[in-house]
Asker: 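A single structure is presented below for examination.
Numbered from 1 within each chain, the chains take letters A, B, ... in sequence-line order.
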There are 2 protein chains.
Amino acid sequence: MHDGTAPRLTPKGMATRRRIVEGAAEEIRERGAAGTTLDDIRARTGTSKSQIFHYFPGGKEELLLAVAGREAERVLEDQEPHLGDLTTWAAWQAWRDAVVRRYEQQGVNCPLGVLITELGRTTPAAQALTGQLISQWQSALRTGIRHMQDSGEVDRRLDADRTAAALVAAVQGGVTILMSTGAIGHLEAALDTTLTLLRTGGVPAVRPGT
Amino acid sequence: MHDGTAPRLTPKGMATRRRIVEGAAEEIRERGAAGTTLDDIRARTGTSKSQIFHYFPGGKEELLLAVAGREAERVLEDQEPHLGDLTTWAAWQAWRDAVVRRYEQQGVNCPLGVLITELGRTTPAAQALTGQLISQWQSALRTGIRHMQDSGEVDRRLDADRTAAALVAAVQGGVTILMSTGAIGHLEAALDTTLTLLRTGGVPAVRPGT
DNA sequence: CCCGCTCTGGACTTGCGGGTCCATTTTATG
DNA sequence: CATAAAATGGACCCGCAAGTCCAGAGCGGG
C-alpha cells in the first residue's frame, strides 16, 4: 500500500523503525506535532538523523503520517474490549466509562486529537486517515445501536448512523474541550446526553429541513 | 488587563493595529496559526516588521493572542441575534441553522478552532481565553434552556448546565470533524441529537455513578 | 517653529530545524 | 570468508522566520 522504493528491512531495522515511531508518538503527545523536532525524537529514541531519513525517506511528514496511523489504531484498540460488543446497556455504560476514564487519565494528551488538529488539515493523506478512523469508529457504534434496536432496547425509528455520528462528534468535542481547557465535564455531559437519547429513544433523530 | 508598558496610540496607530489584527486573522483562517509567518501578515497588511513589534512587543505570541481574542468575540457575535433569545423552539432551530450554515460556508476555516487547537494547548493565556469563551457560550445556552423550562417547554428535571455543556461540546466536535474531514454531517447530527433530547425531555441528563 | 513623541521602512542578525552526505560498522547470504 | 546490502553516526548545509536596530518621516502641542 505504501511503498516499493523501500529497501527491505532486517529484523533489526524493523525494531529501530518501531522505536522511532513509538518515540515520536510519545514526544508528540507531550509537545504537539508542531512543537516536536526531529532532533527531539532522535534524542529520545537514541537514534541518529540518518536513521530517521533511512526509514522515512519522506522526512518529517512521512514519519508523522506513520505516527498518526499508529495512533489511530490505538484509539480503536483501546476501546476494543467494549466497542465490539455493544449489545447491552451495561456494555454501553462500560464503554462510556472507559472513554471518559481514558481521557481523564491522559488529560491534555490526546494522541489522535493532536494529529487530527495539527496535521489533519494540512495534508490530504492525513485527512484520509482521520476520515477512515472516524468512519470505522462510527460504524462500530452504529452496529451497536442496530443491535440494541434488533433486541428492542432502542426505538427502531432512531437513525442509527446519525446517532452514531453524534456520538463520535460528542467524544471529539468533549476531548477537544478537555485538551484546551482541562475540563472533563463537557466530555461526560456530551456522552451522557447522547446516550440518554439512545435510552429514551427520543423520537426522531432526523433532520427537519435542509 | 494587558498593558502598562504600551505607549499611548494615536488614531492612526490604532487603525494600523487593527489592520494588523484583522489581516493576521484572515491569514490564520486560511493557513493555520503555525503556517502563518509574520512576513505573510506584513505583506498582506502592507506594514513593516517594525510595526508589528511596535504594536505587539511580545512578538508573535502576543499577536496571536490578540487575534484569538478577536475571534472569540466574533464567534459569539455571529450567533448573537439568536443566542440572546432562545425562548422558543423556533429560535432554537434558527440558532441551530445559523451555526450549521456558518460552518458549512466557511468549511475548513474555523477561526476559533484553529486557535483553540494550535495555540490553546501551549500558552496558559490562550487557554484562559478559550476557557472564558466556552463558559460564556455555555452560559448563554444554559439561560436559554432555563427559559424553556420556565415556560414549561422543557422538562424541569433536565440539568440545564449539563445540557448546555453537551451542546457546546457537540458543536465543537462537529466542527473539529468538519475541519479534519470536510463532512458537515457530524455537526448536524450532534446538534440535532442534543436538541432532540431537549425537546423530548429525555429524563435525566444526570451522571449515574462517578 | 521647534521639540519630542509616535509611526514607519527595511536591512540585518541569529538560531533553529529539516534535510543531505559520506564514512563506518553490522548483518545477511552464498 | 567474501561481498553486497542494510544499518548507523554525526558533521554539515541551507533556508526560513522571529526578532533587533537604527535612521528617518509625520504629527502634535507649546
Side-chain angles (χ1 to χ4, degrees), chain A residues 3-24 27-28 30-68 115 118-119 122-123 125-126, chain B residues 3-24 27-28 30-68 115 118-119 122-123 125-126:
Chain A
D3 54 51
T5 21
R8 55 200 193 287
L9 307 186
T10 68
K12 191 180 182 186
M14 307 233 329
T16 302
R17 201 194 127 103
R18 272 179 53 88
R19 240 174 50 236
I20 294 176
V21 173
E22 294 298 333
E27 198 72 25
I28 289 173
E30 294 171 14
R31 302 237 227 286
T36 296
T37 77
L38 293 187
D39 218 62
D40 293 335
I41 297 171
R42 192 196 52 66
R44 175 189 279 257
T45 59
T47 52
S48 67
K49 214 59 166 304
S50 66
Q51 280 169 289
I52 296 181
F53 283 86
H54 182 66
Y55 297 107
F56 306 92
K60 193 179 189 182
E61 185 170 328
E62 188 178 341
L63 173 55
L64 287 184
L65 205 60
V67 172
L115 274 324
E118 291 188 39
L119 184 144
T122 53
T123 100
Chain B
D3 55 52
T5 22
R8 56 201 191 285
L9 308 185
T10 69
K12 191 179 181 185
M14 307 234 329
T16 302
R17 203 194 125 103
R18 272 180 53 88
R19 240 173 51 236
I20 294 175
V21 173
E22 294 297 334
E27 198 73 26
I28 288 172
E30 294 171 14
R31 303 236 227 285
T36 297
T37 79
L38 293 187
D39 219 61
D40 293 336
I41 298 171
R42 192 197 52 66
R44 176 189 280 256
T45 59
T47 52
S48 69
K49 214 59 166 306
S50 67
Q51 281 169 287
I52 295 182
F53 283 86
H54 181 66
Y55 296 106
F56 305 92
K60 193 179 189 182
E61 185 169 328
E62 188 178 341
L63 173 54
L64 288 183
L65 205 60
V67 171
L115 274 324
E118 291 188 39
L119 184 144
T122 53
T123 101

Asker: Of the options C/dC21, C/dT20, C/dG9, whose atoms approach the side-chain atoms of B/S48 most closely?
Answerer: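 Of the options given, the side chain of B/S48 lies nearest C/dG9.
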Asker: To check you understand the geometry: which heavy-atom pair defines the closest contact between B/A24 and B/I41, and what is its length?
Answerer: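 Looking at all heavy atoms of both residues, the shortest contact is CB-CD1, 3.7 Å.
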Asker: Ignoring hydrogens and angles, tell me if any N or O in the side chain of B/E22 forms a donor-acceptor pair with the backbone of B/R19 under 3.5 Å.
Answerer: no
Asker: On a heavy-atom basis, which atom in B/S48 and which in B/Q51 lie closest, and how many Å separate them?
Answerer: N-OE1, 2.7 Å
Asker: What is the distance, to the nearest angstrom, from the CD atom on B/E61 to the P atom on D/dA17?
Answerer: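 Checked: the CD to P distance equals 19 Å.
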Asker: For the residue pair A/I28 and A/A33, what are the closest heavy atoms and their distance?
Answerer: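 Smallest interatomic distance, heavy atoms only, reads CG2-N, 3.8 Å.
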Asker: Check every strand shown and say whether A/K60 touches a base, only sugar-phosphate, or nothing at a heavy-atom separation below 4.0 Å.
Answerer: sugar-phosphate
Asker: To the nearest angstrom, how far is A/F56 atom CZ from C/dG18 atom C1'?
Answerer: 16 Å
Asker: Under 4.0 Å between any heavy atoms, over every strand shown, what does A/T10 touch: base, sugar-phosphate, or nothing? Just pick one.
Answerer: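 Since only primed, P, OP1 and OP2 atoms lie under 4.0 Å of A/T10, the category is sugar-phosphate.
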Asker: Could you say whether B/P57 or B/K12 is positioned toward the 5' end of DNA chain D, judged by the nucleotide with the nearest heavy atom to each?
Answerer: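 Whichever sits nearer the 5' end wins; that is B/P57.
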Asker: Tell me whether the side-chain N or O atoms of A/T37 pair up with the base of C/dG17 as donor and acceptor below 3.5 Å, since no angle test is needed here.
Answerer: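 A donor-acceptor contact between them is absent.
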Asker: Answer with base, sugar-phosphate or nothing: what part of the nucleic acid does B/Y55 contact at a heavy-atom distance below 4.0 Å?
Answerer: sugar-phosphate
Asker: Mind checking what makes salt bridge (charged side-chain N to carboxylate O under 4.0 Å, His left out) contact with B/E61, not counting sequence neighbours?
Answerer: none
Asker: Please confirm whether the shortest side-chain N or O distance from A/Q51 to OP1 or OP2 of D/dT8 is below 4.0 Å.
Answerer: yes
Asker: Can you check the B/R42 CZ to D/dC16 C1' distance for me, whole Å?
Answerer: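 Atom CZ in B/R42 sits about 14 Å away from atom C1' in D/dC16.
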Asker: Assuming nearest nucleotide by heavy-atom distance, tell me which of B/T47 and A/D39 is located more 5' along DNA chain C.
Answerer: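 It is B/T47, whose closest nucleotide lies nearer the 5' terminus.
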Asker: Rounded to the nearest Å, what distance is computed from the CD1 atom of residue A/I52 to the C1' atom of nucleotide C/dT20?
Answerer: 14 Å
Asker: Write down the distance between CG (B/L38) and P (D/dT20), rounded to a whole number of angstrom.
Answerer: 11 Å
Asker: Nearest whole Å is fine: how far is D/dT8 C1' from A/R17 CZ?
Answerer: 17 Å
Asker: For the pair made of NZ in A/K49 and P in C/dC22, what is the distance, rounded to whole Å?
Answerer: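 These atoms are roughly 16 Å apart.
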Asker: Measure from the side chain of B/F53, starting at C-beta and using heavy atoms only, and say which of D/dT8, C/dC7, D/dT20 lies closest.
Answerer: D/dT20
Asker: Strictly below 4.0 Å: does A/R8 bring a side-chain N or O up to OP1 or OP2 of D/dA5?
Answerer: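 Checking D/dA5 against A/R8, no side-chain N or O comes under 4.0 Å of OP1 or OP2.
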Asker: Atom CE of A/M14 to atom C1' of D/dA6: distance rounded to whole Å?
Answerer: 14 Å
